[in-house]
Amino acid sequence: MVDGVFHHPVELGEKASMRISRLFGKTLRQDPAEAETASHRLMLKAGLMYQVAAGVYAYMPLAWRSLRKIEQIIREEMDAAGGQEVHLPALQPVELWQESGREAAFGQNLFHLKDRRERDMVLAPTHEEVITKMVAANVSSYRDLPLILYQIQTKFRDEPRPRAGLIRVREFTMKDAYSFDADEHGLALSYDRVAQAYRNIFQRCGLPTMAVEADSGAIGGKDSQEFILPAEAGEDTILHCPQCGYAANAERAAFVLPPVAQEKEAPLEQVATPGAKTIPQVAAYLSVPESKTLKAVFYVAQGQAVSSTARLVFVTLRGDLDVNEVKLNNLLHARDLRLATDQEVAQAGLVAGSASAVGLKGINVVADRSIQAGANFVVGANKEGYHLRNANYPRDFQADLVADIALAHEGHGCPKCGTALRSTRGIEVGHIFKLGTFFTERLGAAYLDAQGQQHPIIMGCYGIGVGRLLAGAIEQNHDDKGIVFPAPIAPYQVHLVSLNPEREDVGHVADDLYAALQKEGIEVLYDDREESAGVKFNDADLLGLPVRLLVSPRTLRENAAEVKGRREERGRTVPLSEVAQTVRGMLEP
RNA sequence: CGGGGCGUGGCGCAGCGGUAGCGCGCUUGGUUUGGGACCAAGAGGUCGCCGGUUCGAUCCCGGCCGCCCCGACCA
């Protein structure tokens, strides 16, 4: 489905062809040792980019062309959705971020610097603050709304661990769009418009993405969807239902609990479990399934809604499940949530390995709903070396909060239809988000309605990682020889190769073809070097342009050239007079 | 920040107390010519940085910096 429909050429409005003899950047024969991920390795090997620091890259001409094609597709679709492009500063006063409260929210990920007058500045990791201020100053009436503004710019985030080439970097190009509406209905319309634009963008780039429900994060908006490009190198885990189409990030995914047998509550009873501390050990020792145990996990939550001091939280859930920390964090409204240290656990008087909520006092207990699904659980006895059988909620223990705080896994039931969920790794290339009034209230962006009443403007925000999209495209489209560029975002359309250009008429014919294809408006990368056939073929495969066109003494004996698609095993011989037409046909089916 | 690995020419690597080497790439000349050719002659390195030990350190010791991978983290 990728091939075929999406080959619309993108005009960059400039000289659209290049001789490799003049091209800046060269390919490497050996794999760069630093790179393990396919896109990272291939981009370095093909001479697309140059690393300057961890998570900081320079883009060389070939990558830059590809990136600008992606940007151009984004521009066209955002404009079609009614967006207006703007350009915003990367350098911003820190006060702006204090005003929104996000200086603390971003924490160490925010790049700080001082100007010569010792004023604190930041390098913008995203642009909600500045654009909200700008809109506040320029919008005052409902007549000015709705509004969709967007920018395609460099953003800076001091990521704790840049990785995998362009997949996680500290300086990166992002398209961010922001919608401003008078009411929720308007926001819904803007959100849907942008969502459609996103589907168009990814389709035109030749990249099948899946839209999934996403966690809305600390700002606490309502709807949020991520656009995920399936790839093993991705950092996100997606759960999706093959039956009804439900799809969500694992951070967010709901699920139907795996069923357990019904049984009557039995009396609580203590058993010795020497040496058994983990759930698998306890379950094996007592010969019960893990789903008949309850596990205890200890967290320290900081900056909660209920109290600003750090607080130990006792989390319990069925033994066959794992804690979903995002769900837990959302439930607690914590600013910072982390596992408690062994020391903190001991100080609280808890017996790690034999802890349970039974008889627990003075500690906040948060339980997953799974404690109600099942009965007669094995739980810790809060005594070293002992567990309890037949613990039941609420007969034997209480919880301050009971909610869904468990991580969905492959095989769990779809929350909509019950079918077994499947799990996929993927790269988050886009994220759309109904923000509401978080920024407009804090930064004073309001409008007057027809009755003269003032209201905060309602916002949405919509991001696409441009470089990540390119890396993702390569992750998804490569083979053991190199990149297999989707045509719409390939740096050039045709890789013209002359073999033995100094012999017979090869050089002349190839030059003529080069000129003729340019005249046809086809973007050609022309390998006019005096290199051996193997070198040229391997470079063509490595770079992965959609069509390889070959002129050699052998083809010229038939007054022909060889045409080969990057995915095809063999080329076919085409008379010189028909080459342009054949190539065009391959690019625009 | 925790764990692991690595810093020697543009790339990939070896060397390990006595002032640096291989392959690829690069330059020049010649031969070759449909899947990373061959011969010959060359150019190119503060051995990440600082300190210590030593007559002498790329090598041993200490500190620091950088890069990669796993985890934490990633509105």
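Chain letters run A, B, ... following the sequence lines, proteins first and then strands; every chain starts at 1. Note that this is a predicted model, so its numbers are computed, not measured.
In the displayed structure, A/Gln108 atom CD is contacted under 6.0 Å by at most 12 heavy atoms of other residues, nucleotides or ligands.
For A/Arg168 against B/C74, a side-chain-to-base donor-acceptor contact under 3.5 Å is present.
Rounded to the nearest Å, the gap between the C1' atom of B/G45 and that of B/C11 is 14 Å. Distance check on atom C1': B/C22 versus B/G34 gives 31 Å, rounded to whole Å. Annotation: B/U58 and B/C49 have their C1' atoms spaced 14 Å apart (nearest Å). Nucleotides B/C26 and B/C59, compared at atom P, are 33 Å apart to the nearest Å.
Of the candidate nucleotides B/U33, B/G71, B/G34, B/G71 has the atom nearest to the side chain of A/Arg161. The side chain of A/Glu36 has B/C68 as its nearest neighbour among B/A37, B/C73, B/C68.
The interatomic distance linking A/Asp236 (CG) with B/A75 (C1') rounds to 15 Å, in whole Å. The nearest whole Å value for the distance from the CD atom in A/Glu235 to the C1' atom in B/C69 is 13 Å. Atom-to-atom, CZ of A/Arg41 to C1' of B/C69 comes out at 16 Å; the value is rounded to the nearest Å. Across the protein-nucleic acid pair, A/Asp528 atom CG and B/U33 atom P stand 21 Å apart, rounded to whole Å.
Under the side chain to side chain contact (heavy atoms under 4.5 Å, CB included) criterion, A/Ala446 pairs with A/Gln454, not counting sequence neighbours. With sequence neighbours excluded, no residue forms a salt bridge (Lys or Arg N to Asp or Glu O under 4.0 Å) with A/Asp505. Partners of A/Ile279 according to the side chain to side chain contact (heavy atoms under 4.5 Å, CB included) rule, which considers only residues two or more places apart in sequence or in another chain, are A/Glu290, A/Thr293, A/Lys295. Residues passing the ring-ring contact (aromatic ring centres under 6.0 Å, His included) test with A/His409 are A/His412, sequence neighbours excluded. For A/Glu103, the side chain to side chain contact (heavy atoms under 4.5 Å, CB included) criterion is met by A/Val94, A/Trp97, A/Gln98, A/Leu110, A/His112, not counting sequence neighbours.
Listed by first and then second residue, the salt bridge (charged side-chain N to carboxylate O under 4.0 Å, His left out) pairs involving residues 538-560 of chain A are A/Arg529-A/Asp539, A/Arg548-A/Glu562 (not counting sequence neighbours). Annotation: salt bridge (charged side-chain N to carboxylate O under 4.0 Å, His left out) contacts involving residues 151-161 of chain A, sequence neighbours excluded, comprise A/Lys155-A/Asp176, A/Asp158-A/Arg170, A/Glu159-A/Arg168.
Judged by the 6.0 Å distance and 45° axis criteria, A/Arg442 is positioned over the aromatic ring of A/Phe438.
At a cut-off of 3.5 Å, with distance as the only test, a side-chain donor of A/Gln225 or A/Tyr191 sits close to an acceptor on the other residue.
Using a 4.0 Å cut-off, no side-chain N or O of A/Ser532 falls inside it from OP1 or OP2 of B/U33. Residue A/Arg157 has no polar side-chain atom (N or O) positioned under 4.0 Å from OP1 or OP2 of B/C73.
Contacts of A/Gln108 with the nucleic acid, taken as non-hydrogen atoms under 4.0 Å apart, are absent. Among the atoms of the strands shown, only primed sugar atoms or phosphate atoms (P, OP1, OP2) are found under 4.0 Å from some heavy atom of A/Ala164. If you check every strand for non-hydrogen atoms under 4.0 Å, A/Ala53 touches sugar and phosphate atoms only. Using a 4.0 Å heavy-atom cutoff across all strands shown, A/Glu103 reaches no nucleic acid atom at all.
Formation of a donor-acceptor pair under 3.5 Å by the A/Ser423 side chain with backbone atoms of A/Glu410 is not found in this model.
Looking at RNA chain B, the stems built from 3 or more consecutive Watson-Crick or G-U wobble pairs, each pair with its key distances under 3.5 Å, are B:1-7 with B:65-71, B:10-13 with B:21-24, B:26-31 with B:37-42, B:48-52 with B:60-64.
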Pair up each side-chain donor or acceptor in residues 40-49 of chain A with any protein partner under 3.5 Å, not counting sequence neighbours, and list the distances.
from	atom 1	to	atom 2	distance (Å)
A/His40	ND1	A/Gly165	N	3.4
A/His40	NE2	A/Tyr57	OH	3.1
A/Lys45	NZ	A/Asp31	OD1	3.0

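Interface residues of residues 548-558 of chain A facing RNA chain B, ordered by number: A/Arg548, A/Leu550, A/Ser552, A/Arg554, A/Thr555; criterion, heavy-atom separation under 4.0 Å.
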What protein N or O atoms touch nucleotides 3-11 of chain B N or O atoms at under 3.5 angstrom, if any, and at what distances?
none

Restricting to nitrogen or oxygen on both sides, can you table the protein-nucleotides 41-48 of chain B pairs closer than 3.5 Å?
none

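A heavy-atom distance below 4.5 Å is not found between the side chains of A/Ile70 and A/Ile201. Looking at A/Val315 and A/Ile405, their side chains come closer than 4.5 Å, going by heavy atoms from C-beta outward.
For A/Arg163 and A/Glu235, the salt-bridge test passes: some basic side-chain N is under 4.0 Å from an acidic carboxylate O.
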